[in-house]
Amino acid sequence: MTENGELTREDIMIESDMEVADDNENQIVAYVETWFDVDRKFGLHTRDEAETWVNLYARYDVVEDSVAMEYVISRQHEEETHDYIPTESEAEMIKKAICEKMEEYYDCTPEEFCRRESGMTMH
């Protein structure tokens, strides 16, 4: 993470298990492994909470060419979901990382993945 708190490519890894969003066949949902200090990045204080972790997800809309993100704080008996608006460079980095993982694991583009997985014509 840069000094101003912006994520870099070294801070994340896109998991290969991606899916098309249930509510939008033009969006790919990807789990983002966090290799950075989530407390610092999101202004949290979870480090000292037992059985608490933070999961980060990206939704890449291949038609809009946009990325929306959310993080989920999971505790033993509850979950909290919060939106995260990535900076322009973070969004570009996430899109590129999703495209790379898509090519590596699915041998297709994100657009092809959406068509194949949803079985629909993209709008």
Side-chain angles (χ1 to χ4, degrees):
M1 195 163 32
T2 64
E3 285 184 27
N4 67 354
E6 196 166 54
L7 297 176
T8 66
R9 186 66 174 94
E10 292 75 34
D11 295 321
I12 59 102
M13 185 173 95
I14 302 296
E15 281 290 316
S16 60
D17 188 23
M18 293 182 248
E19 60 187 37
V20 174
D22 290 337
D23 60 344
N24 187 333
E25 74 262 8
N26 298 326
Q27 291 183 348
I28 295 170
V29 179
Y31 176 72
V32 182
E33 284 188 25
T34 56
W35 296 354
F36 58 90
D37 183 342
V38 294
D39 283 348
R40 177 177 163 224
K41 176 66 176 172
F42 302 124
L44 305 174
H45 303 284
T46 61
R47 183 176 299 119
D48 297 327
E49 293 181 35
E51 298 185 46
T52 300
W53 60 94
V54 178
N55 292 311
L56 182 61
Y57 299 91
R59 289 176 73 113
Y60 174 29
D61 190 310
V62 299
V63 172
E64 299 287 327
D65 192 35
S66 63
V67 172
M69 299 181 78
E70 67 181 18
Y71 60 92
V72 179
I73 304 169
S74 296
R75 293 183 174 90
Q76 189 171 10
H77 298 290
E78 68 177 347
E79 286 189 345
E80 290 176 43
T81 301
H82 301 273
D83 291 333
Y84 171 68
I85 299 170
T87 66
E88 190 174 316
S89 64
E90 287 174 332
E92 288 303 314
M93 183 255 309
I94 294 289
K95 286 189 282 187
K96 184 176 180 181
I98 288 172
C99 290
E100 289 170 359
K101 191 64 74 168
M102 189 68 56
E103 178 68 30
E104 179 183 352
Y105 280 88
Y106 297 97
D107 194 30
C108 66
T109 66
E111 294 83 355
E112 292 167 336
F113 181 80
C114 286
R115 280 193 299 271
R116 183 175 69 207
E117 295 298 309
S118 69
M120 303 180 135
T121 306
M122 294 171 51
H123 301 103

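Within the model, atoms CD1 of I85 and CD of E90 stand 11.0 Å from one another, a figure rounded to the nearest 0.5 Å. Between E6 atom CD and N4 atom CG the span is 5.5 Å, to the nearest 0.5 Å. Atom OG1 of T2 is separated from atom CZ of F36 by 11.5 Å, given to the nearest 0.5 angstrom. Separating the CD atom in E19 from the CD1 atom in I28 is a distance of 10.5 Å, to the nearest 0.5 Å.
Contact between C108 and R116 at its shortest, heavy atoms only, is SG-NH2, 3.7 Å. Residues Y106 and M18 come closest through the heavy atom pair OH-N, 3.4 Å. Annotation for E79 and S74: closest pair OE2-OG, 3.2 Å, computed over non-hydrogen atoms.
Enclosure of atom CG in D22 is not indicated, since only 12 or fewer non-hydrogen atoms of other residues, nucleotides or ligands lie within 6.0 angstrom.
In this structure, the side chain of D11 engages the main chain of M1 through a donor-acceptor pair within 3.5 Å. Under the 3.5 Å distance criterion, the side-chain polar atoms of K95 are left unmatched by any main-chain donor or acceptor of V67. Formation of a donor-acceptor pair under 3.5 Å by the E78 side chain with backbone atoms of R75 is not found in this model. Between the side chain of N26 and the backbone N or O of V63, no donor-acceptor pair lies under 3.5 Å. Remark: side-chain polar atoms of Y60 are not paired, donor with acceptor, to backbone N or O of A91 under 3.5 angstrom.
Classified by interplanar angle (parallel below 30°, tilted 30° to 60°, perpendicular above 60°), the ring pair H82/Y71 is parallel.
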Query - Residues C114, E25; criterion side chain to side chain contact (heavy atoms under 4.5 Å, CB included); working and verdict - result: CA-CA 6 Å; C114 286; E25 74 262 8; 6.0 Å; no
Result block: side-chain N/O donor-acceptor pairs under 3.5 angstrom for residues 97-105, not counting sequence neighbours:
{"residue": "E100", "atom": "OE1", "partner": "R9", "partner atom": "NH2", "Å": "3.2"}
{"residue": "K101", "atom": "NZ", "partner": "I14", "partner atom": "O", "Å": "3.4"}

Going by atom type alone, with no hydrogens or angles, which donor-acceptor pairs under 3.5 Å involve a side-chain atom of residues 50-57 and a protein atom two or more places apart or on another chain?
{"residue": "T52", "atom": "OG1", "partner": "E49", "partner atom": "OE1", "Å": "3.4"}
{"residue": "T52", "atom": "OG1", "partner": "A50", "partner atom": "O", "Å": "3.3"}
{"residue": "N55", "atom": "OD1", "partner": "Y31", "partner atom": "OH", "Å": "3.1"}

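No salt bridge links R59 with E70; every basic N to acidic carboxylate O contact stays at or beyond 4.0 Å.
At a cut-off of 3.5 Å, with distance as the only test, a side-chain donor of Y84 or K41 sits close to an acceptor on the other residue. Side chains of D61 and S66: no donor on one and acceptor on the other come within 3.5 Å.
With hydrophobic clusters built from ILVMFWY side chains whose heavy atoms lie under 4.5 angstrom apart, L44 shares a cluster with V32.
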